[in-house]
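Order of the sequence lines sets the chain letters (A, B, ...), proteins ahead of strands, with each chain counted from 1.
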Amino acid sequence: MAKNLYITTAIPYVNGTPHIGNALDYLLADIWARYQKQNGHEVRFQVGTDEHGNKIAAKAGELGITPQEFTDQMYGNFEGLMKKINADYTDFIRTTDVHHKAAVQYIWQKLGPYIYKDKYEGWYCMGHEAFFTDKEVEASNGVCPDHSTEYQKVSEENYYLRASDFTDKIRQAIESGEMKIVPDFRKKEFLELIKDGLQDVSISRPKKSLSWGIPVPGDDDQVMYVWLDALANYITVLGYPDKPEWKDYWPADVQVIGKDILRFHAGIWPAMLLGLELPLPKTLLVHGHVNVGGAKMSKTVGNVVDPVELIDNYGVDAFRYFFARHIPTQDDGDFTWEKFENAYNNELGNDLGNLVQRVANMVVRYQAGVVEGNAASEHDMQPYRLAIEALTFDQALDEVWVIIRGLNRYLDTVKPWDIAKKKDSDPEAAAHLTEVLEHAVNTLQQIGDMLVPFMPATAAAIHETFDNEVVAVPEVLFPKLYIHTPDPRGAKNTP
RNA sequence: CGCGGGGUGGAGCAGUCUGGUAGCUCGACGGGCUCAUAACCCGUAGGUCAGAGGUUCGAAUCCUCUCCCCGCAACCA
């Protein structure tokens with residue numbers, strides 16, 4: 001019986017527009033989900049948006065609309081991106097959903113034994129919605145460098161979650177592999193971070209300083225701060241606590257997160273789960289960040305790469321291919337237009353697209369489009385499978401390309417075009433030719449299978465071409481594009 | 001001594017755990033082929049494996065020290 005699987009992505013704050021990092025989250029989760037589905041599993045795949053907090057309220061205020069109206073407008077940008085990158089998710093949660101809000105209040109109450117109220121006094125920055133240490137405030141002469149506003153001495157009462165209670169359990173879960181943190185160096189990093197224990201974490205704000213959020217049950221003066229609200233989405237989206245189906249999917253098999261939010265997902269989130277007496281997620285997949293030409297991507301620098309632009313110009317599968325293969329799944333990667341176009345033209349166009357053309361062409365020319373063989377190609381899938389299961393998707397694609405190159409080499413070695421010349425006079429040659437083309441077609445079908453999780457449309461196109469009883473030469477896959485790099489072909493079109 | 005990652009032919013990386021011909025992709029150069037998207041295939045050049053010392057018959061790999069780069073700690077995946 002197929003096992004129910006569950007994968008989640010971090011829910012982005014709808015404050016801004018979606019960027020490449022969000023896209024990376026969705027893409028990695030989607031690859032995994034499609035792979036598992038292809039192998040007969042039922043997969044639940046959650047995405048969503050984080051919609052509370054002061055920044056949202058402030059922006060809405062500027063626009064003269066309510067926060068709810070504002071987020072209603074904004075969340076579509078994220079849903080749009082998911083569709084755009086062809087992420088086949090099953091659930092979309094907004095933290096403003098009625099069920100989510102009620103469920104989070106239930107969670108708060110259930111966590112009661114681990115929640116306490118305390119007074120905090122410190123330097124507060126309105127822009128950050130956060131406190132800063134004396135040292136930081138001194139270093140910047142009392143003015144927040146990001147917002148050019150003065151820090152304010154604020155004393156307020158907050159509720160805290162006693163995460164410290166769970167330090168030992170969490171550390172043990174990580175060390176034993178009950179909750180895997182992938183890659184290994186992230187696990188090391190986090191264990192080092194909590195060497196002296198987890199810190200209790202503030203989970204509420206006074207209503208007067210944070211109006212747009214889920215009310216704290218039983219205390220009209222307090223509103224929940226982001227963590228409890230946002231992290232809870234991973235279970236509330238499944239229907240926790242009132243719809244029993246959630247039990248079929250929790251604990252999550254994989255939670256995809258960026259390296260910047262590891263500490264929340266490896267610390268606060270497990271503390272919440274343990275407080276609720278729920279099992280911990282099996283794996284946290286921590287991906288890196290995408291740099292541009294070696295520099296951090298940032299709005300202020302203006303080097304932000306827009307995923308939508310990429311997809312519109314090169315197609316969604318080219319986008320998925322580049323970010324799956326050339327951005328290491330578990331580490332930082334680098335984007336440049338040159339790298340992207342290189343990969344597009346050479347690997348997708350020359351290696352794969354051209355291979356499809358040449359095989360289809362020969363089948364049509366030499367055998368009127370007919371290939372008898374239905375023997376499955378027997379290339380070794382093991383390295384590919386192991387790479388996916390180890391969550392190193394880049395390496396899985398490397399394995400696919402080993403086969404693609406291998407087939408190109410095979411054709412050059414066997415030279416079907418030579419055999420074809422003799423096929424009419426020599427029955428043995430005709431049989432040999434059939435055999436060669438069968439092998440090529442079967443291999444391409446297998447390549448199509450392997451590409452299903454990564455490039456669904458391309459995989460479908462390959463199968464459409466070669467699964468037919470009579471093969472026709474298909475449209476060119478990945479036609480050459482030289483938008484950002486010089487066209488090496490003719491002289492005429494230099495930019 | 002804050003923590004973590006890294007320094008391997010022009011570029012990007014693998015190899016380091018488990019010492020023993022230094023490998024892959026791109027780029028450059030030369031050749032071949034003609035089924036194909038000026039594509040594909042083959043070959044050549046190019047590396048004192050950051051540096052110093054040590055262990056060893058033998059070190060990119062193990063040990064010690066030094067130098068340099070990046071990330072986190074400081075809204076952002």
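- Side-chain contact annotation: A:Gln367 with A:Thr434, donor-acceptor N/O pair under 3.5 Å present.
- Spacing between B:C72 and B:G10 at atom P, rounded to whole Å, works out to 30 Å.
- The side chain of A:Asp412 approaches B:C40 more closely than any other nucleotide in the set B:C40, B:A77, B:A36.
- Contacts of A:Lys195 with the nucleic acid, taken as non-hydrogen atoms under 4.0 Å apart, are absent.
- The separation between A:Leu285 atom CG and B:A77 atom C1' is 12 Å, rounded to whole Å.
- Electrostatic pairing of A:Arg409 and A:Asp412 does not count as a salt bridge here, judged by no charged N lying under 4.0 Å from a carboxylate O.
- The same atom, C1', is picked in B:A50 and in B:A60; the two are 12 Å apart, to the nearest Å.
- Applying the side-chain contact (heavy atoms from CB on, under 4.5 Å) test to A:Gln73 and every residue at least two apart in sequence or in another chain returns A:Ile65.
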Enumerate all atom pairs, one protein N or O and one N or O from nucleotides 4-10 of chain B, separated by less than 3.5 Å.
from	atom 1	to	atom 2	distance (Å)
B:G4	O2'	A:Glu189	OE2	3.3
B:G5	OP1	A:Lys188	NZ	2.8

- Could you run down nucleotides 13-18 of chain B 5' to 3' and tag each one B, S or - for protein heavy-atom contact under 4.0 Å? ------

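- The aromatic rings of A:Phe478 and A:Tyr344 sit perpendicular to each other, their planes meeting at more than 60°, with 30° as the lower class boundary.
- By the 30° and 60° cut-offs, the orientation of the rings of A:His439 relative to A:His379 is tilted.
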- Test salt bridge (charged side-chain N to carboxylate O under 4.0 Å, His left out) on A:Lys59 and A:Glu62 and set out the steps. CA-CA 5 Å; A:Lys59 283 219 174 170; A:Glu62 282 168 29; over 6 Å; no

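- Nearest-nucleotide positions on RNA chain B place A:Asp332 closer to the 5' end than the other of A:Asp332 and A:Val290.
- The CD1-P distance, from A:Ile20 to B:C76, rounds to 19 Å in whole Å.
- Within 3.5 Å, no donor on the side chain of A:Asn354 pairs with an acceptor on the base of B:A39, nor the reverse.
- Spacing between B:C49 and B:G9 at atom P, rounded to whole Å, works out to 9 Å.
- Rounded to an integer number of Å, the gap from CG of A:Asp334 to P of B:G71 is 12 Å.
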- Message: As a quick check of understanding, evaluate side-chain hydrogen bond (donor to acceptor under 3.5 Å, both in side chains) for A:Tyr234 and A:His265, giving each step before the final call.
- Response: CA-CA 11 Å; A:Tyr234 300 126; A:His265 285 74; 2.7 Å; yes

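- Residues A:His289 and A:Asp260 bring a donor and an acceptor atom of their side chains to less than 3.5 Å of each other.
- One finds no side-chain N or O of A:Asn291 lying less than 4.0 angstrom from the OP1 or OP2 phosphate oxygen of B:C70.
- For the C1' atoms, the distance from B:U25 to B:G15 is 15 Å, rounded to whole Å.
- Rounding to whole angstrom units, CG of residue A:Asp50 and P of B:C76 are separated by 11 Å.
- Straight-line distance from the CG atom of A:Leu397 to the P atom of B:G12: 22 Å, rounded to whole Å.
- When each of B:C75, B:C41, B:A36 is scored by its nearest atom to the side-chain atoms of A:Arg358, the top-ranked nucleotide is B:A36.
- Taking the six-membered ring for Trp and thresholds of 30 and 60 degrees, A:Phe322 and A:Phe340 have ring planes inclined between 30 and 60 degrees apart.
- Between the NZ atom of A:Lys259 and the P atom of B:C3 there is a distance of 18 Å, given to the nearest Å.
- A salt bridge links A:Asp30 and A:Arg34; the closest N-O separation between the charged side-chain nitrogens and carboxylate oxygens is under 4.0 Å.
- For the pair A:Arg365 and B:A36, the criterion of a side-chain N or O lying under 4.0 Å from OP1 or OP2 is met.
- Comparing B:A77 with B:A36, their P atoms are spaced 49 Å from each other, to the whole Å.
- Nearest heavy-atom pair, A:Val476 versus A:Gln357, reported as atom, atom and distance to 0.1 Å: CA-NE2, 3.6 Å.
- In this structure, the salt bridge (Lys or Arg N to Asp or Glu O under 4.0 Å) partners of A:Lys259, at least two apart in sequence or on a different chain, are A:Asp332.
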Check the interface with nucleotides 24-27 of chain B: list each N/O to N/O pair with the protein under 3.5 Å, or write none.
from	atom 1	to	atom 2	distance (Å)
B:U25	O3'	A:Arg405	NH2	3.1

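- For A:Lys421, whose side chain is taken as the heavy atoms from C-beta onward, the closest listed nucleotide among B:C40, B:U34, B:A77 is B:U34.
- Stretches of at least 3 consecutive Watson-Crick or G-U wobble pairs, with each checked distance under 3.5 Å, appear in RNA chain B as B:2-7 with B:67-72, B:10-13 with B:23-26, B:28-32 with B:40-44, B:50-54 with B:62-66.
- A:His19 comes within 4.0 angstrom of a base, heavy atoms only.
- Under 3.5 Å, the side chains of A:Trp269 and A:Gln255 contain a donor-acceptor pair of N or O atoms.
- When heavy atoms are screened at a 4.0 angstrom cut-off, A:Pro479 is found touching base atoms of the nucleic acid.
- Comparing the same atom, C1', in B:A14 and in B:A74 gives a spacing of 35 Å after rounding to whole Å.
- At whole-Å resolution of the value, CZ in A:Arg263 and C1' in B:G2 are 13 Å apart.
- Residue A:Tyr366 is classed as a sugar-phosphate contact, given heavy-atom separations below 4.0 Å to backbone atoms only.
- Counting non-hydrogen atoms under 4.0 angstrom, A:Gly21 reaches a base of the nucleic acid.
- Within 4.0 Å of A:Gly288, counting heavy atoms only, lies at least one base atom of the nucleic acid.
- Among the protein residues, A:Val356 comes within range of no part of the nucleic acid, since none of its heavy atoms lies under 4.0 Å from any strand.
- Nucleotides B:U61 and B:G6 place their P atoms 15 Å apart, quoted to the nearest Å.
- On the C1' atoms, B:U66 is 26 Å away from B:G58, given to the nearest whole Å.
- Between the CZ atom in A:Phe45 and the OG1 atom in A:Thr8 there is a gap of 9.5 Å [rounded to 0.5 Å].
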- Task: List the steps, then state whether salt bridge (charged side-chain N to carboxylate O under 4.0 Å, His left out) holds for A:Lys84 with A:Asp312.
- Result: CA-CA 9 Å; A:Lys84 195 106 194 165; A:Asp312 286 344; 2.7 Å; yes

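- For A:Trp212 and A:Phe70, the ring centers are positioned 6.0 Å apart or more.
- Taking 4.0 Å as the cut-off between side-chain N and carboxylate O, A:Asp394 and A:Arg325 do not count as a salt-bridged pair.
- The nearest whole Å value for the distance from the NE2 atom in A:His265 to the C1' atom in B:A77 is 11 Å.
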